[in-house]
Structures are given as structure tokens and as C-alpha cells.
Novice: 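First the structure, then my questions, so here it is.
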Number of protein chains: 2
Amino acid sequence: MGYSIGQIAHKTGLSTHTLRYYEKEGLLPFIRKNSAGLRVFSDNDLGWLGMIECLKETGMPLKGIKQYIDWFIEGDSTLSQRLDMFQKQKKRIEEQIALLQKHMERINYKISLYEEAVKKGSLDAAFAIPELNEKRKQFLTKTDKKIQ
Amino acid sequence: MGYSIGQIAHKTGLSTHTLRYYEKEGLLPFIRKNSAGLRVFSDNDLGWLGMIECLKETGMPLKGIKQYIDWFIEGDSTLSQRLDMFQKQKKRIEEQIALLQKHMERINYKISLYEEAVKKGSLDAAFAIPELNEKRKQFLTKTDKKIQ
DNA sequence: ATTAAACCTAGAGTTAACTCTAATATAAAA
DNA sequence: TTTTATATTAGAGTTAACTCTAGGTTTAAT
């Protein structure tokens, strides 16, 4: 089955501009063109777009995605590089989730604080509540980022 | 206690350039300067940097963070806007975690696939394994992004 | 057969978030 | 007290990832 660039834009939520840009950047090297020079996308291309979306939304830059595609094209001699890439990406996802969960605690504290503040009509009044003021301290003690 | 911009750069992992840039963008309007014009950061400023980090790393653009700071400066008349902002940010974090977990499944599949491929020395050989080929289908069926 | 919609390329423009430079001033160390 | 490190500003430059434009071609609908 063949799809036009517009159909693929509709299916993926990407713009036709972005799809052409991805192709230009080497992220979609499998797309065929018909006799008139129009792109014809296959289900396989849609599959690649799914993989690109996955890697992009887990924080990989387009350059990194291109490297993966280049390795794929190179064939079985790059299997271990690709495995390594996916293992590193898994680790990155785990770190991202952990970071988001850490930040969620602070946001939850802020929500409690502001719920109370809205109720009382004053932020200072919310701080006066022992429980909230106690939890606040948790986020004030920041340790150094860089190791000396 | 007062800190120099260099000390804060060290503590936060941000560059002095970035710290000045943040101040210029209105993200750090509380920083004092000494008689010679040098910035003197307080523990409170460090606290703000912690909040900025939290919002930034959960996907809020600097513009959005500035809005929050502007609301803070405006005072108690903006409490509900700030509560709303944090509630929306919480929702965004939940969505981000859910998305990362979804993508993690695909990455886990790829890791299984490439572990097998590395073992066999061939990607096609890995696809020949029924279990992996079965799981593959899960990621081929993509539904449309846009609602018609 | 005509018109409107969708497509093509090359290349310019945009945005966010830095990142760096130059020329100069202040502070800390030897 | 001289050197070295750190700081200042204004403004230019960079990078990633789009996003758009212009001028022309192809396809689909009437």
C-alpha cells in the first residue's frame, strides 16, 4: 500500500514540511518516488516513523536517530552498536522517569500549598500551616550538582 | 549568606552565562548587587533556581516560568492562576511518565530483538523467533494521530 | 478541459535556549 | 603590589528542529 505525504502527515501528526525535512536529514531513506517524482510512503515507512517518534520522545536528537538508521543500512556488522544504543536509551528513559517523579513531589507540595493559599486568600497564611512549612524545608536543602 | 555567580554556577551546574541569561529573561528578579555592581546570590535565590530547574525539567519553557515569577511578584491576587499552573504541570508530568513508559515497551522489545540478533549474528535470524516476531506486530499497528 | 488541491525543490526564516566575545572592572592570592 | 581569577555589560553567534516561501508541476474533481 502506498500513501502520499499528505496522508502520512495526517496519520502521524507531523507536517509535510517536517516529513520532507526528516527525509533530507537521512531519517527516511526508504521512501520511494513515483515516475512523476512524488513521494510514495509504505507501511514500512510508517513503521520507521513510529520508531523515530519513540526515540525522539525519549530524548534522542535527530542526529542520534540518523546514526541508528545508518547502522541499520550498514547491516549485521553493526548489531552490537544498535543493541548498545537501545540499552543506553532504556537507561535514559529510566532516569527521565525517576527525575519526573522527583519533580512531581515538589509540584504536589506546591499544589497543597496553593490550594491552602487560595482557600485562605494569602500565601503567607498557607506557610503558617505547620505541615506545609515542614514539607517546604525538603526542597530548600539543595546539594551541590558538581562533584569537587 | 551571599554567593558569587561563580559559586552558584558551581552549585547548580549552570554556567555563569546561563545564570546571567536567566536574570535578563526575568527568571531571577530577586538577586541583589553589591556596591561594585557584582551579583550577590542568596539562599532564597538558590531556592528559586531549584524551582526553575523543576519546571524546566518537566517541560515548561522559560516563558512559562517567567509568567509564574511575574504572578508571584504580583502577589496574592494571582494565587488561583498559580494553583492552576501547578495543576496543569502535574497533569503534564503524568502524561510524560505515561508516554515514557509506553516507549519503554518498544525499547524493551528492541533490546530483546537485538540481544537475539547479536547472539545469532543476524537480525533476520532474530525475527525468525516466533515470540519476537509476535511482539513486533504490536508496534506495527499504528492508529491515526489526528481525529477525523 | 479547466480548475483547485496537493505536490515538488531550493533555500530563507524562525524560535528557544543557550554560548561566546570583547573590552573593562573588581577581588583574591602571592 | 602586581598578577591572576573572577566579575561586568552589550551584543553577536550557535544549535536543533522545525517552518515557511516562491515558483513551478502533478493529480483529482468538476
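In what follows, every chain begins at residue 1, and chains take the letters A, B, ... in the order their sequences are listed. No hydrogens, no waters, no symmetry mates; every other heavy atom, side chains included, goes into these values. Bear in mind the structure is a predicted one, so any value in this text is a computation, not a measurement.
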Novice: Not counting sequence neighbours, which residues clear salt bridge (Lys or Arg N to Asp or Glu O under 4.0 Å) with A/K120? List them please.
Specialist: A/E116
Novice: I'd like to check the ring-ring contact (aromatic ring centres under 6.0 Å, His included) partners of A/Y3; sequence neighbours left out, ordered by chain and number.
Specialist: none
Novice: B/F127: which residues meet the ring-ring contact (aromatic ring centres under 6.0 Å, His included) condition with it, sequence neighbours left out?
Specialist: none
Novice: Would a single hydrophobic cluster contain both A/L83 and A/I73, if residues Ile, Leu, Val, Met, Phe, Trp and Tyr are joined by side-chain heavy-atom contacts under 4.5 Å?
Specialist: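 In one cluster: yes.
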Novice: On DNA chain C, reading 5' to 3', which nucleotide is the first and which the last to sit with an atom under 4.0 Å from a heavy atom of chain A, could you check?
Specialist: C/dC7 to C/dT9
Novice: Give, for atom CD1 of A/I107 and atom CG of A/L113, the distance between the pair rounded to the nearest 0.5 Å.
Specialist: 12.0 Å
Novice: Residues two or more places apart in sequence or in another chain: which of them pass salt bridge (Lys or Arg N to Asp or Glu O under 4.0 Å) with A/D76?
Specialist: none
Novice: Taking salt bridge (Lys or Arg N to Asp or Glu O under 4.0 Å) as the test, write out the residues that go with A/K88, two or more places apart.
Specialist: A/D84
Novice: When you compare the protein's N or O atoms with those of nucleotides 22-26 of chain D, which come within less than 3.5 Å of each other, and at what distance?
Specialist:
none

Novice: Using the side-chain contact (heavy atoms from CB on, under 4.5 Å) criterion, which residues pair with A/Q67? Sequence neighbours excluded.
Specialist: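 Here the qualifying residues are A/D70, A/W71.
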Novice: Between the two ends of the helix from C/dA1-D/dT30 to C/dA30-D/dT1, what is the bend in degrees, rounded to 10 degrees, where each end axis spans five pairs?
Specialist: 20°
Novice: Which residues in residues 15-22 of chain B have a heavy atom closer than 4.0 Å to any atom of DNA chain C?
Specialist: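 Heavy-atom cutoff 4.0 Å gives B/H17, B/T18, B/Y21, B/Y22.
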Novice: Who passes ring-ring contact (aromatic ring centres under 6.0 Å, His included) against A/Y114, sequence neighbours left out?
Specialist: B/F86
Novice: Using the test salt bridge (Lys or Arg N to Asp or Glu O under 4.0 Å), find all partners of A/R39 that sit at least two apart in sequence or belong to another chain.
Specialist: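 Partners of A/R39 under the salt bridge (Lys or Arg N to Asp or Glu O under 4.0 Å) test: A/E23.
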